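Bear in mind the structure is a predicted one, so any value in this text is a computation, not a measurement.
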Amino acid sequence: MGFSKTITEDALIASGRHCCICHKFCGTKIELHHIIQTKDNGEDSFDNCIPLCFDCHADVKSYNPKHPKGKKYSETEVRRHRDNWYKKVKESPGIISSSSSYIQLDRKTFDKLVALLKSDGIMLFIKQNGFTLGSFQDEIYRQIYRFINECELPEFEFIDADLEALKSELYELLIKLDNYIVNYTFPAGPNKQAIPSEWEEERPERFDKAFEDFDSITKLVWNKYDSLIKLARRKLYSNE
């Protein structure tokens, strides 16, 4: 039968229409997953429901125990992801977090993020799509990698649900950018990388694809970063 209208609305409100695993804001692109499948006697109940984005829903459902690869999501893990996210959304009402202690913690996270991704440094480089303008310093790649690594740490997390969701989305985009750097650029002198110029004649399709992918991802990264910075300033500092 599926979840009732009441349970559906309760779950979407409790999650803020964010994915309970990756924390991405989904809007209409969200699905409600039965933690215990109905074929295994799972109920159409609020407790057996978790809102997920399309990608995470596919991950949770697609694990094949006959050909195991990676780590399967357990029922208890999925519930913990769900409960932790519901708690974060509940404790983050409105535009300004109500607890001054939460604001102080989020300010520290924000300061760390800005230190890792400077708007007049690496982010300006990304905004200008420097990856297609010739060679670039290895340090650019290392800065992206440092941010990705920091996002794996539990303490590098916003208490505010909206800020954490934007940070998670930025993280996913930078992982994609990191993959493009690995696949499309190669050493181009001491401490530098670049898209191989010889591809333009020898592998024109790959050359064009590299430019197209970098152009697309850099715009998305900058726009997400811009949204995160502006929202964080409003939420964390506008009440001073």
Side-chain angles (χ1 to χ4, degrees), residues 18-19 21-30 53-59 70 109-153 156-158 162-233:
H18 292 76
C19 174
I21 290 180
C22 74
H23 304 165
K24 175 172 64 179
F25 178 71
C26 300
T28 59
K29 299 178 179 66
I30 195 166
C53 68
F54 294 165
D55 290 337
C56 288
H57 196 196
D59 280 346
T109 301
F110 178 66
D111 289 343
K112 189 171 188 178
L113 184 146
V114 171
L116 288 166
L117 302 176
K118 294 182 180 297
S119 59
D120 59 350
I122 181 174
M123 297 311 298
L124 180 61
F125 176 88
I126 289 174
K127 181 182 181 182
Q128 295 172 341
N129 197 5
F131 301 101
T132 62
L133 300 176
S135 62
F136 60 91
Q137 295 291 328
D138 288 343
E139 180 59 22
I140 296 294
Y141 173 77
R142 287 194 286 267
Q143 287 180 52
I144 294 171
Y145 190 67
R146 279 196 290 270
F147 176 78
I148 291 172
N149 280 344
E150 287 292 335
C151 286
E152 302 291 339
L153 302 177
F156 189 47
E157 178 184 46
F158 286 107
D162 295 329
L163 296 179
E164 178 58 22
L166 283 173
K167 194 207 74 181
S168 297
E169 292 174 36
L170 179 61
Y171 164 72
E172 295 293 337
L173 288 171
L174 285 173
I175 287 179
K176 195 170 184 178
L177 175 57
D178 178 71
N179 288 332
Y180 286 161
I181 294 172
V182 170
N183 291 324
Y184 290 138
T185 70
F186 295 86
N191 302 315
K192 291 185 177 182
Q193 293 177 237
I195 300 171
S197 57
E198 59 269 23
W199 281 5
E200 189 168 9
E201 292 186 3
E202 298 173 4
R203 307 180 67 181
E205 291 184 2
R206 185 166 177 79
F207 186 79
D208 291 343
K209 186 69 165 61
F211 270 68
E212 178 184 332
D213 285 345
F214 274 126
D215 182 63
S216 174
I217 194 66
T218 50
K219 289 176 181 175
L220 292 172
V221 167
W222 173 260
N223 288 337
K224 193 65 62 178
Y225 174 83
D226 183 70
S227 297
L228 173 56
I229 296 300
K230 290 177 178 177
L231 183 61
R233 287 169 61 86

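Heavy-atom minimum distance, Gly27 versus Ile30: O-CG2, 3.6 Å. Closest approach of Ile229 to Val114, counting heavy atoms only: CD1-CG2, 3.9 Å.
For the pair Asp162/His18, a side-chain contact is recorded, criterion being any heavy-atom separation below 4.5 Å from C-beta on. Taking the side chain as every heavy atom from C-beta outward, Leu153 and Glu150 approach each other to under 4.5 Å. Side-chain contact between Ile126 and Leu177 is present, with at least one heavy-atom pair separated by less than 4.5 Å.
Listed by first then second residue, pairs satisfying salt bridge (charged side-chain N to carboxylate O under 4.0 Å, His left out) with a partner in residues 164-185 read Glu164-Lys167, Glu169-Lys224, not counting sequence neighbours.
Heavy-atom neighbours of Arg233 CZ from other residues, nucleotides or ligands within 6.0 Å: at or below the threshold of 12. Taking a 6.0 Å sphere around CZ of Phe186, one finds it holds more than 12 heavy atoms contributed by other residues, nucleotides or ligands.
Summarising the geometry, atom OG belonging to Ser168 is positioned 8.0 Å from atom CD belonging to Glu157; distances are rounded to the nearest 0.5 Å. Of the inter-residue distances, the one linking Leu174 atom CG with Ile144 atom CD1 reads 6.0 Å to the nearest 0.5 angstrom. The distance from the CG atom of Asp226 to the CG atom of Leu170 is 11.0 Å, given to the nearest 0.5 Å. Rounded to the nearest 0.5 angstrom, Leu163 CG and Leu231 CG are separated by 5.0 Å. Atom CG of Leu166 is separated from atom OH of Tyr225 by 13.0 Å, given to the nearest 0.5 angstrom. Going from atom NE2 of His23 over to atom CD1 of Ile21 covers 8.5 Å, rounded to the nearest 0.5 Å.
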Fill in: Full working for side-chain contact (heavy atoms from CB on, under 4.5 Å) between Leu113 and Phe156
CA-CA 9 Å; Leu113 184 146; Phe156 189 47; 4.0 Å; yes
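Residues meeting the side-chain hydrogen bond (donor to acceptor under 3.5 Å, both in side chains) test with Gln193, sequence neighbours left out: Thr185. Partners of Asn191 under the side-chain contact (heavy atoms from CB on, under 4.5 Å) rule, at least two apart in sequence or in another chain, are Gln137, Asp138. By the side-chain contact (heavy atoms from CB on, under 4.5 Å) test, Lys219 is found to be paired with Asp215, residues two or more places apart in sequence or in another chain being considered.
When each of Tyr184, Phe125, Tyr180 is paired with Phe131, the ring pair (Phe, Tyr, Trp, His ring centres under 6.0 Å) condition holds for Phe125 and for no other.
Tyr171 and Glu152 form a side-chain donor-acceptor contact under 3.5 Å, judged by distance and modelled atom types alone.
Using the six-membered ring where Trp is involved, Phe207 and Phe211 have ring planes that are tilted, between 30° and 60° apart.
Of the possible donor and acceptor atoms, none in the side chain of Ser216 sits under 3.5 Å from a partner among the backbone N and O of Glu212. At distances below 3.5 Å, at least one donor-acceptor pair connects side-chain atoms of Asn183 with backbone N or O atoms of Asn179.
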Ignoring hydrogens and angles, write down the donor-acceptor pairs under 3.5 Å from the side chains of residues 194-201, residues two or more places apart or on other chains.
none

Under 3.5 Å donor-acceptor pairs involving side-chain atoms of residues 115-123, not counting sequence neighbours:
none

